[in-house]
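We number each residue from 1, following the sequence as shown.
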Amino acid sequence: MQRYKATIAYDGSGFSGYQIQPKGRTVQGEIEQVLQKLHKGQAVGVTASGRTDSGVHARGQVIHFDSPLRLSGDQWIKAFNSLLPDDISFLKAEEAGSDFHARFDAVKKKYKYFLYSGPVRDPFKRHFAAHVRGSLNVEAMREAAGYLTGTHDFTSFCSAKTETGNRVRTLFELDMEEHGNELVLTFIGDGFLYNMVRIIVGTLLDVGSGKMDIGAIPDILAAKERTLAGKTAPAEGLYLWEVYYE
């Protein structure tokens, strides 16, 4: 058996999330169906760097799987992309060591969140960016973001459904770029809790719209209380952009 590492991209708007579940179309389910075809009916499982929720996209999700087939990276890419639906693409595939693990070997992840402002929503962006009515004070959002970088207990910024008990994470970067009426937030961290990025975005939107003071951020972090942070921002603006390995 040979272990393979692959980088995939997908439009999450047509999926109930990455991970297989009893009901709903999933990215993992589509990939494993293709693997079963390629292996003449034999089930082959895939492991990802992490799950993405319904409506969340990926430009650089990483997976691994084991196969007795000895195909080159280009052959795997051609095989998958000829059988997968149009909303999933294999970007890269390569042989990996037998001990490589897409999830446990990841050392950093990059997420991007796309926002656009304006009086009316753009129907052509509805699946790929979140709409904000009115203007935002981006400088205030940047100042607030400064309190969130570094190593913190992010209990206040994760869903109540978060299963892990250890909520300490390091956020290396939280940057913002403006392009006209568009705002792109980039997060790089050693790991992210359930809904962590979307809750941070929702909180920063409260700051940018004047609903929350910049100085409230340290108190929210210290309180470890989800109800003090902002709403969870919509799924359509979020992209898993890149996964880093040693």
Compare every heavy atom of [Y] with every heavy atom of [X], then report the nearest pair and how far apart it is.
X	Y	answer
P234	Y113	O-OH, 2.6 Å
R169	F154	O-CE1, 3.4 Å
S49	L240	OG-CD2, 4.1 Å
A96	K5	CB-CB, 4.0 Å

Exercise for the section: With the side chain counted from C-beta on, respond yes when F80 and I8 share a heavy-atom pair under 4.5 Å apart, and no when they do not. Expected result: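 Counting from C-beta outward, F80 and I8 never come under 4.5 Å.
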Handout entry: K109 and V62, any side-chain heavy atoms less than 4.5 Å apart
Key =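 Contact flag for V62/K109 side chains = no.
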Handout entry: Sequence neighbours excluded - salt bridge (charged side-chain N to carboxylate O under 4.0 Å, His left out) pairs with any residue from residues 54-80
Key =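 Only R3-D66, R70-E95 qualify under salt bridge (charged side-chain N to carboxylate O under 4.0 Å, His left out).
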Problem - Inter- and intrachain pairs under salt bridge (charged side-chain N to carboxylate O under 4.0 Å, His left out), touching residues 227-239, at least two apart - result: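 Salt bridge (charged side-chain N to carboxylate O under 4.0 Å, His left out) check on residues 227-239 returns no pairs.
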Group every Ile, Leu, Val, Met, Phe, Trp and Tyr by side-chain heavy-atom contacts under 4.5 Å, then state whether [X] and [Y] land in the same group.
X	Y	value
L38	L71	yes
I63	L35	yes
I88	V46	yes
I31	F65	yes
Y116	V138	no

The criterion is side chain to side chain donor-acceptor pair (under 3.5 Å); which residues satisfy it with [X], sequence neighbours excluded?
X	answer
S82	none
S89	none
R133	none
E182	K125

Would you say the side-chain atoms of [X] pair up with the backbone N or O of [Y], donor to acceptor, closer than 3.5 Å?
X	Y	result
E225	S156	no
H131	G118	yes
Q28	I20	yes
Q61	G50	yes
D190	T170	yes
Q21	S16	yes

Over 12 foreign heavy atoms within 6.0 Å of [atom1], [X]:
X	atom1	value
R51	CZ	no
D86	CG	no
R121	CZ	no

To the nearest 0.5 Å, how far apart are [atom1] in [X] and [atom2] in [Y]?
X	Y	atom1	atom2	value
L183	L136	CG	CG	7.0 Å
E177	L185	CD	CG	9.5 Å
L115	M176	CG	CE	9.5 Å
E242	T7	CD	OG1	9.0 Å
Q19	T52	CD	OG1	10.0 Å
F157	H152	CZ	NE2	9.5 Å

Handout entry: Pairs satisfying ring pair (Phe, Tyr, Trp, His ring centres under 6.0 Å), at least one member in residues 171-215, at least two apart
Key =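 For residues 171-215: Y111-F192.
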Exercise for the section: Would you mind listing every ring pair (Phe, Tyr, Trp, His ring centres under 6.0 Å) that reaches into residues 8-62, with sequence neighbours excluded? Expected result: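 Matches after skipping sequence neighbours: H57-F128, H57-Y239.
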Exercise for the section: Would you list the pairs meeting side-chain hydrogen bond (donor to acceptor under 3.5 Å, both in side chains) in which at least one residue belongs to residues 140-149, sequence neighbours left out? Expected result: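 Matches after skipping sequence neighbours: E139-R142.
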Handout entry: Contacts of type side chain to side chain contact (heavy atoms under 4.5 Å, CB included), residue R167, not counting sequence neighbours
Key =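 With neighbours one apart ignored, the set is D153, T155, C158, T162, L193.
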Problem - Check: Y4 ring centroid to W76 ring centroid under 6.0 Å - result: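 Yes - the distance between ring centres of Y4 and W76 falls below the 6.0 Å cut-off.
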Compile the donor-acceptor pairs under 3.5 Å between side chains in residues 97-108 and protein atoms, sequence neighbours left out, one pair per line.
unit_1 : atom_1 : unit_2 : atom_2 : d
H101   : ND1    : R103   : N      : 3.1
H101   : ND1    : F104   : N      : 3.1
D105   : OD2    : H101   : N      : 3.0

Distance-only check: which donor-acceptor pairs under 3.5 Å involve side-chain atoms of residues 196-224, not counting sequence neighbours?
unit_1 : atom_1 : unit_2 : atom_2 : d
R198   : NE     : A233   : O      : 2.7
R198   : NH2    : A233   : O      : 3.2
T203   : OG1    : I199   : O      : 2.8
T203   : OG1    : G230   : N      : 2.8
S209   : OG     : L205   : O      : 2.9
S209   : OG     : D206   : O      : 3.3

